[in-house]
Amino acid sequence: MMPAWAALVQRVRSSGGCFDRLNERYPAMTSKDTQFQSASLEDWAKAAGKSAPGGQLEALNWQTPDGFQIKPLYTAEDVKNLPYTNTLPGFEPFIRGPQASMYAVRPWTIRQYAGFSTAEESNAFYRKALAAGGQGVSVAFDLATHRGYDSDHPRVTGDVGKAGVAIDSVEDMKILFNQIPLDKVSVSMTMNGAVLPVLAGYIVAAEEQGVSQEKLSGTIQNDILKEFMVRNTYIYPPAPSIRIIGDIIEYTAQNCPKFNSISISGYHMQEAGANQALELAFTLADGQEYVKTALGKGLDVDEFAPRLSFFWAIGMNFYLEVAKMRAARLLWCRIMKGFEAKNPKSLMLRTHCQTSGWSLTEQDPYNNIVRTTIEAMAAVFGGTQSLHTNSFDEAIALPTEFSSRIARNTQLIIQEETHITNVIDPWAGSYMMEKLTQDMADAAWTIIEEVQAMGGMVKAVDSGWAKLKIEAAAAEKQARIDSGRDVIVGVNKYKLETEDAIESRDIDNVAVRDGQIARLKEIKAKRDTEAVQQALAAITFAAENNSGNLLALTVVAMRLRATVGEVSDALETVYGRHRADTQKVSGVYAAAYDSAQGWEDLKSEINAFAETEGRRPRVMISKLGQDGHDRGAKVVATAFADLGFDVDMGPLFQTPEECARQAIENDVHAVGVSTLAAGHKTLVPAIIAELKKQGADDIIVFVGGVIPRQDYEMLYEAGVKGIYGPGTPIPASAKDVLEQIKACLK
């Protein structure tokens, strides 16, 4: 083979170039140039120190929000004492992946989590996605369904069809999966509160498609402990909710051997503010509780454990996300050995991943395509078994067909064009990644031991401790962004002077609800009402007496055309509805906000207001409708309180009437509505009208959250005084609210 330098010379000469001039610029290589000397770590430190800020090498270190110290350079010294650096994929402790061949034989499953108002529209989307390269169906339900209400219930007027597909009965399920062969296509369903009627409806829809239960494949999320911490789409209190999980694990182990009975989810924890170590620790601790629950049903661990699966969020902290997934497999193997599992499949942590929704920005939204691609790469390098990539417009509204195609093609390009799939766990042997994997595992295990010392995750959730840990992390993160310490391109750095409008999806909530109500009336008119009531009474009896299997009984009821709301009511009669305590952390935002002068100036203005008016400005932060995502509400409440506002937190799931009544009783100056689930067009005008109706139109209303720009004018016309979309610094919104209150008092 011709030496590289000789080849270059020949190429230059053959093209008529002047080699002499090239040689002056690039002297010929000699054998001496190939003799490299090995520099010592001390030599490197001296060289790097010359360019380090202030000459201090420590300045090159990076401390993550989890408290990890990430060094700029790792060497063999960092891994020489690590116990798991010579493992193989497919073998304990599965750090390098649960399957021996991983993507070299079969890439991850491409899923697109979606639900568009009606079963008909969602079905059309799923079929197009499957035809365009999708490899499984992932269903997003609307909030009314999540919370166990039929579409005709008065509490869900603004929620039906808004953040997913409305499902009231088996008839909706049959339309949802029309012409989708359920014996061939796996189905993932994100459902926790109304998990019994939704899963039963899917089973019955498959039966009526001609697909028996043992052929069904996919996953039901069925992770209620996470709901009590962050997402809040629970229905019943913790104890009966855990009983429901046990019944589902038991039923599916006996009847649906290919179906994953639970997806233990950290995704919503990270979306609510948890850092990677908290997400990892709390999720695995939840998993421990579910295993104990199944064992309490008398099941053998190897009878159900192979069908347990997990679900991780993948954010922009690239290295930590890869390390988190590798550490998760190590720790789950350790946990399951503690339960004396023998089947290797019981020891494997298999996972679905979804790119972060929280990292998406309303400002300069096409940047979100890049963010999602980076996050997808982290999920792939971490060894996920399936993946959903978010659409770039999801910080604004439900995704369009255009944005969904880009999101899906992101995965197809990684699978088909990059050749990443040809190498199994390419990070193995990396000094940095192996050390970071062990550090992540150690940090998470310390938290897990803390949880166990409390008596387990149920106790940690019941006490509110776990929720407050996540909320503190969320407040700290928001303060770092608002003060500019954490850069978000297009939001707090490199901002556009003007933003071009992009097309966003708009849902006619009234039309969707009217259609669902009409179908409910038709179903109830045709069914055997007496048989349905007997089936519902059997569910209530089993709940009262802790007898039977609730999923088996619900399958019977759904075959007879009981509705989601009726099944939920049959259980609520016994269990009641859970109401969460509204707590907020204090001092965390202020401690992390690194822009002291502006902060102190605003605090002074608030103190001056208090002196003039005889009391502090008082705001009530509220969540209307069935949207339980309260990260934004809790962070705003924390920051406003740290600034000196008096802050009331309304309970979750209020109606506009209830919210107005509480605001008047508490004598607030302003009500702030946090909205993430597209209910603002119905619910915000309703709260303004209700305040006016109750004689309190001097209470101003402001809104924050995911609100498309085209809706701003409508909200302002309805009487909203301030709208603060994603990326608005909280001090800026606080100052504006203060000015609006002052103007109202003049």
Side-chain angles (χ1 to χ4, degrees), residues 63-70 78-87 91-98 223 225-226 229 264-267 269-270 273-292 301 305 308-315 317 319-341 346-351 382-383 427-428 430 432-461 463 465-470 472-473:
Q63 180 167 322
T64 75
D66 308 59
F68 296 119
Q69 289 288 339
I70 307 296
D78 292 294
V79 299
K80 69 178 183 180
N81 295 320
L82 297 186
Y84 303 113
T85 55
N86 292 313
T87 64
F91 293 87
E92 296 178 25
F94 306 105
I95 291 175
R96 300 191 63 188
D223 175 5
L225 285 176
K226 164 263 302 175
M229 279 187 278
I264 307 157
S265 174
Y267 182 86
M269 296 182 201
Q270 187 178 138
N275 55 40
Q276 282 77 13
L278 276 176
E279 178 195 5
L280 175 55
F282 286 170
T283 306
L284 296 183
D286 282 351
Q288 286 179 300
E289 293 290 345
Y290 298 140
V291 172
K292 291 176 187 175
V301 66
L308 303 179
S309 67
F310 286 78
F311 175 26
W312 303 118
I314 305 296
N317 206 329
Y319 295 138
L320 263 63
E321 294 293 3
V322 177
K324 177 187 75 181
M325 295 176 68
R326 300 173 91 243
R329 291 190 287 268
L330 166 65
L331 295 183
W332 188 244
C333 183
R334 181 188 300 175
I335 287 168
M336 294 310 294
K337 278 183 169 291
F339 286 113
E340 299 183 359
S346 299
L347 307 176
M348 297 176 184
L349 185 150
R350 297 165 301 109
T351 190
W427 285 93
S430 158
M432 181 276 296
M433 187 54 68
E434 297 291 9
K435 180 66 166 61
L436 192 53
T437 297
Q438 188 64 49
D439 289 348
M440 180 69 71
D442 291 343
W445 193 253
T446 297
I447 299 170
I448 290 170
E449 289 181 324
E450 191 174 357
V451 169
Q452 296 310 311
M454 294 181 187
M457 204 62 195
V458 172
K459 297 283 180 64
V461 170
S463 69
W465 173 83
K467 188 176 184 68
L468 287 174
K469 292 280 281 187
I470 293 173

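Just so you know, these numbers use all the heavy atoms, side chains as well, and skip hydrogens, waters and symmetry mates.
Distance check: Thr437 OG1 to Arg96 CZ gives 11.5 Å after rounding to the nearest 0.5 Å. Rounding to the nearest 0.5 angstrom, the gap separating the OG atom in Ser346 from the CH2 atom in Trp332 is 10.0 Å. Here the straight-line distance linking atom OG1 of Thr64 with atom CD of Gln276 works out to 7.5 Å at 0.5 Å rounding.
Nearest heavy atoms, Met457 versus Ala285: SD-CB, 3.7 Å. Here the shortest heavy-atom pairing between Ile264 and Tyr290 reads CG1-CD1, 3.9 Å. Minimum interatomic distance between Met440 and Leu320 (heavy atoms only, all atoms of both residues): CE-O, 3.7 Å. The nearest pair of heavy atoms linking Ala327 to Leu280 is CB-CD2, 4.1 Å. Pairing each heavy atom of Leu284 with each of Ala328, the nearest pair is CD1-O, 4.4 Å. Nearest approach of Ala305 to Met336, heavy atoms of both residues: CB-CE, 3.7 Å.
Within the structure, every pair that satisfies the salt bridge (charged side-chain N to carboxylate O under 4.0 Å, His left out) test and touches residues 438-449, not counting sequence neighbours, is listed here: Lys435-Asp439. Identified under the salt bridge (charged side-chain N to carboxylate O under 4.0 Å, His left out) test for residues 273-282, with sequence neighbours left out: Glu279-Lys324. A salt bridge (charged side-chain N to carboxylate O under 4.0 Å, His left out) check over residues 329-341, counting only residues at least two apart or in different chains, returns the pairs Glu92-Lys337.
Not counting sequence neighbours, the partners of Trp312 by the side-chain hydrogen bond (donor to acceptor under 3.5 Å, both in side chains) test are Thr351. Annotation: salt bridge (Lys or Arg N to Asp or Glu O under 4.0 Å) contacts of Lys467 (sequence neighbours excluded): Glu471, Asp630. Looking at residues two or more places apart in sequence or on another chain, you find no side-chain hydrogen bond (donor to acceptor under 3.5 Å, both in side chains) involving Lys469. In this structure, the side-chain hydrogen bond (donor to acceptor under 3.5 Å, both in side chains) partners of Asp78, at least two apart in sequence or on a different chain, are Lys71. Partners of Arg326 according to the salt bridge (Lys or Arg N to Asp or Glu O under 4.0 Å) rule, which considers only residues two or more places apart in sequence or in another chain, are Asp425, Glu434. The ring pair (Phe, Tyr, Trp, His ring centres under 6.0 Å) check on Tyr267 picks up Phe311, with sequence neighbours excluded. The side chain to side chain contact (heavy atoms under 4.5 Å, CB included) search around Ala281 returns Ala444, Ile447, Ile448, not counting sequence neighbours. Shown here are the side chain to side chain contact (heavy atoms under 4.5 Å, CB included) partners of Ser430, two or more places apart in sequence or in another chain: Trp427, Met432, Met433. Scored by the side-chain hydrogen bond (donor to acceptor under 3.5 Å, both in side chains) test, Asn275 finds no partners at all (sequence neighbours excluded).
Considering only heavy atoms from C-beta on, Ile70 stays 4.5 Å or farther from Gln63 through its side chain. The side-chain heavy atoms of Phe339 and Lys292, taken from C-beta on, include a pair separated by under 4.5 Å. Looking at Gln288 and Gln452, their side chains come closer than 4.5 Å, going by heavy atoms from C-beta outward. A 4.5 Å side-chain heavy-atom check between Leu278 and Gln270 finds every atom pair outside the cut-off. The shortest distance between side-chain heavy atoms of Tyr84 and Val79 does not fall below 4.5 Å. A 4.5 Å side-chain heavy-atom check between Phe94 and Leu330 finds every atom pair outside the cut-off. Annotation: side chain of Met229 is in contact with side chain of Asp286 (closest heavy-atom distance under 4.5 Å). Inter-residue side-chain proximity for Leu349 and Pro98 is flagged as unmet; no heavy-atom pair is nearer than 4.5 Å.
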TODO: Carefully, step by step, assess Thr283 and Phe310 under the rule side-chain contact (heavy atoms from CB on, under 4.5 Å).
DONE: CA-CA 8 Å; Thr283 306; Phe310 286 78; 3.8 Å; yes
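Counting non-hydrogen atoms of neighbouring residues, nucleotides and ligands closer than 6.0 angstrom, the CZ atom of Phe68 exceeds 12 such neighbours.
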